[in-house]
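What follows is a single structure, written as structure tokens, with notes after it.
Throughout, a chain's letter reflects where its sequence line sits, starting with A, and its residues are numbered from 1. Worth saying up front: this structure is predicted, and the values here are computed from it rather than measured.
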Number of protein chains: 2
Amino acid sequence: MWLRPSGRAGRDAPPLSRDRIVEEAVALLDAEGADRLTMRRLAERLGTGSTTLYWHVKTKDDVLDLALDTIFAEVAVPRRGEGGWRADVTALINGWRATLLRHPWSAALLGRPMLGPNVLARSEFLYATLLEAGVIEPHLTAAAYGLSNYVIGSALMESTWLTTTEREVEHAAREHVHANRDRYPALAAHGPFVAGDDWDTTFALGLTWLLDGIQATIAGADGAAPA
Amino acid sequence: MWLRPSGRAGRDAPPLSRDRIVEEAVALLDAEGADRLTMRRLAERLGTGSTTLYWHVKTKDDVLDLALDTIFAEVAVPRRGEGGWRADVTALINGWRATLLRHPWSAALLGRPMLGPNVLARSEFLYATLLEAGVIEPHLTAAAYGLSNYVIGSALMESTWLTTTEREVEHAAREHVHANRDRYPALAAHGPFVAGDDWDTTFALGLTWLLDGIQATIAGADGAAPA
DNA sequence: CTGGAGACCGGATCAATGATCCGGTGCCCG
DNA sequence: CGGGCACCGGATCATTGATCCGGTCTCCAG
């Protein structure tokens with residue numbers, strides 16, 4: 001009883017808000033990955049009991065949803081109109097990808113509806129930019145979805161590969177493909193597994209193709225020059 | 001003891017092989033989704049004890065990996081050279097997408113290394129077709145990855161949305177965006193949530209853009225006509 | 001035959017985890 | 001100053017992945 005500054009466990013310890021929980025969850029996810037996130041472990045890091053968390057949050061999935069939306073705050077929304085729609089979209093998409101890769105656990109969580117404010121704000125920017133560029137309806141949805149799906153798929157694949165790699169898996173895969181190179185001639189000669197891929201340029205190429213396709217659908221075709 | 005045809009539980013019941021386990025796992029996943037797959041439930045459907053499964057399979061993740069590779073057997077590998085590389089690639093990718101959508105649980109599992117024989121065979125076909133078409137190295141990897149990532153991302157998004165929808169989520173999302181239409185003007189006016197998307201044509205458009213981009217990198221550009 | 005080796009099966013059990021119940025504790029406001 | 005309310009957490013439950021260990025059946029060597 002003596003010397004208990006505030007009734008809380010530690011001496012500092014801000015009063016444990018939902019924000020603090022999510023913040024710490026992101027830290028834990030970054031540090032140890034998605035499967036190590038436990039309500040108990042999270043609570044321990046926060047210096048509270050595990051059950052206390054349930055007062056601020058309904059379920060563990062809520063924590064994950066909130067954590068996912070939180071990191072989207074990191075992707076900068078470009079100021080529009082600086083270098084044309086292409087530059088703006090490219091900047092957004094690259095920032096998006098960078099954030100997903102900076103938090104490898106995020107890619108595995110993309111299989112849940114993303115409706116947080118940060119995600120919506122980025123989607124809004126994407127739609128607005130494309131609209132202003134002159135992309136019209138059948139292509140508008142395709143463009144927005146196409147770009148999103150491409151980033152998501154790329155990040156998912158790269159995260160999976162990079163996380164899983166290092167262990168014996170990459171080695172085993174390489175060896176297996178090589179051992180059966182009669183069955184997989186093209187893969188053995190050129191496929192992944194043979195040389196460390198340059199993810200960045202690979203991603204950039206695909207993105208260029210998508211942007212070119214989108215640009216071609218614009219009537220006047222007066223967007224930024226195709227580089 | 002009397003009347004025990006074979007010592008097995010039921011009268012038929014083929015002796016429970018690894019294949020039978022995986023087959024039943026796929027059925028269960030199709031019927032009830034990824035989160036309802038339990039070793040106990042799976043064993044029950046097979047008419048055995050749950051612990052017996054561990055004799056044929058090391059972990060639950062093994063079951064998932066095997067199940068994932070199994071459904072890839074469904075995607076038909078086109079006979080090459082019928083309508084040019086574009087037709088072949090398009091057929092493969094569309095089949096791929098169809099399979100992923102037919103088993104919505106699969107999209108969520110894509111965050112694990114896919115190294116099963118069926119997956120590898122499809123990758124091999126993709127690489128071989130692109131190679132033969134004249135796609136060369138910086139673009140080869142980008143093309144293969146780009147296409148894969150695009151299908152994966154698309155299937156993941158569509159499955160997520162379709163699965164989650166039906167419930168109140170779609171309704172709530174639509175309403176939320178509309179309520180804050182001052183913050184999300186473009187989304188409220190054109191975004192998803194406003195009209196049921198035509199996933200098929202949306203997907204086809206993005207695929208066309210990617211294929212156009214790939215085709216443009218081919219030297220002689222003598223692939224099939226761009227339709 | 002026959003007896004044992006090995007494939008195959010499953011009940012009991014363990015540890016980890018998500019979630020709830022319910023009884024606190026301290027602060028604030030009337 | 002006293003009651004209400006936001007907030008906390010120990011005990012507890014059900015579920016699940018996984019292991020231990022002892023049982024059963026088959027089949028082949030001697």
Side-chain angles (χ1 to χ4, degrees), chain A residues 1-25 28-29 31-68 105 108-109 111-112, chain B residues 1-25 28-29 31-68 105 108-109 111-112:
Chain A
M1 306 288 159
W2 330 251
L3 299 176
R4 190 162 22 163
S6 166
R8 208 78 51 197
R11 33 197 146 289
D12 36 356
L16 184 56
S17 63
R18 178 197 279 246
D19 285 338
R20 237 168 69 72
I21 293 178
V22 174
E23 179 191 3
E24 195 63 35
L28 197 157
L29 286 165
E32 313 199 26
D35 49 337
R36 304 286 313 258
L37 176 66
T38 294
M39 293 306 262
R40 288 178 228 267
R41 290 170 63 77
L42 181 55
E44 195 181 4
R45 280 176 73 120
L46 287 164
T48 80
S50 65
T51 65
T52 302
L53 301 180
Y54 287 96
W55 200 94
H56 299 272
V57 146
K58 188 139 189 9
T59 72
K60 180 184 177 182
D61 279 352
D62 281 13
V63 177
L64 292 175
D65 284 333
L66 290 168
L68 190 56
W105 48 270
L109 295 186
R112 60 183 61 229
Chain B
M1 308 287 156
W2 331 249
L3 298 177
R4 188 163 24 168
S6 166
R8 206 79 51 195
R11 30 199 148 287
D12 38 354
L16 184 55
S17 63
R18 176 195 279 245
D19 285 338
R20 238 170 65 74
I21 293 178
V22 174
E23 178 191 3
E24 195 63 35
L28 197 155
L29 286 166
E32 314 199 25
D35 49 337
R36 303 286 313 257
L37 176 66
T38 293
M39 292 306 261
R40 288 177 227 267
R41 290 170 63 79
L42 180 55
E44 194 181 3
R45 281 176 73 120
L46 287 164
T48 79
S50 65
T51 67
T52 302
L53 301 180
Y54 287 97
W55 200 95
H56 299 270
V57 146
K58 190 141 186 9
T59 71
K60 179 184 177 181
D61 278 352
D62 281 12
V63 177
L64 293 176
D65 284 333
L66 290 168
L68 190 55
W105 48 270
L109 296 185
R112 59 182 63 231

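Taking A/Ala34 as the reference, A/Leu29, A/Trp105 meet the side-chain contact (heavy atoms from CB on, under 4.5 Å) condition, with sequence neighbours excluded. Contacts of A/Asp61 classified as salt bridge (Lys or Arg N to Asp or Glu O under 4.0 Å), with partners at least two apart in sequence or in another chain: A/Arg112. Under the rule for a side-chain contact (heavy atoms from CB on, under 4.5 Å), the partners of A/Thr52 that lie at least two apart in sequence or sit in another chain are A/Leu16, A/Thr48.
Note: CG (B/Leu16) to C1' (C/dA7) measures 13 Å, nearest angstrom. Rounding to whole angstrom units, CZ of residue A/Arg36 and P of C/dA16 are separated by 11 Å. B/Leu37 has its CG atom 14 Å from the C1' atom of D/dT15, to the nearest Å. The CG atom of A/Leu42 sits 18 Å away from the P atom of C/dA16 (whole-angstrom rounding). Distance, A/Glu44 CD to D/dG9 P: 13 Å, rounded to whole Å. A/Leu28 places its CG atom 11 Å from the P atom of C/dT17, with the value rounded to the nearest Å. Atoms CD1 (B/Ile21) and C1' (D/dG17) sit 15 Å apart, rounded to a whole Å. Going from atom CZ of A/Arg18 over to atom P of D/dC7 covers 12 Å, rounded to whole Å.
In this model, the phosphate group of D/dG9 is approached by a side-chain N or O of A/Thr52 to a distance below 4.0 Å at OP1 or OP2. Within the structure, a side-chain polar atom (N or O) of A/His56 is placed less than 4.0 Å from OP1 or OP2 of D/dC8.
The side-chain heavy atoms of A/Leu46 and A/Leu53, taken from C-beta on, include a pair separated by under 4.5 Å.
Nucleic acid contact for A/Leu53: none, since no nucleic acid atom lies under 4.0 Å from a heavy atom of the residue.
Distance check, rounded to the nearest 0.5 Å: OG1 of A/Thr59 to CG of A/Asp65 gives 7.5 Å.
Nearest to the side chain of B/Thr48, among C/dG10, D/dC7, C/dG18, sits C/dG10. Comparing C/dC9, D/dA6, D/dG17 by their nearest atom to the side chain of B/Met39 picks out D/dG17. Nearest nucleotide to the B/Thr51 side chain, out of D/dA18, C/dG18, C/dC9: D/dA18.
Remark: the B/Thr38 side chain and the D/dG17 base include no donor-acceptor N/O pair separated by less than 3.5 Å.
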Side chains of residues 35-43 of chain B: which donor-acceptor pairs under 3.5 Å do they make with residues two or more places apart or in other chains?
residue, atom, partner, partner atom, Å
B/Arg41, NE, B/Arg36, O, 3.0
B/Arg41, NH2, B/Glu32, OE1, 2.4
B/Arg41, NH2, B/Glu32, OE2, 2.8

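Here salt bridge (charged side-chain N to carboxylate O under 4.0 Å, His left out) pairs that include residues 44-60 of chain B, with residues two or more places apart or in two chains, are B/Glu24-B/Arg45.
Scanning residues 58-68 of chain B for heavy-atom distances under 4.0 Å to DNA chain D yields B/Thr59, B/Lys60.
Of the two residues contacting DNA chain D, namely A/Arg40 and A/Trp55, the nearest-nucleotide position lying further toward the 5' end is that of A/Trp55.
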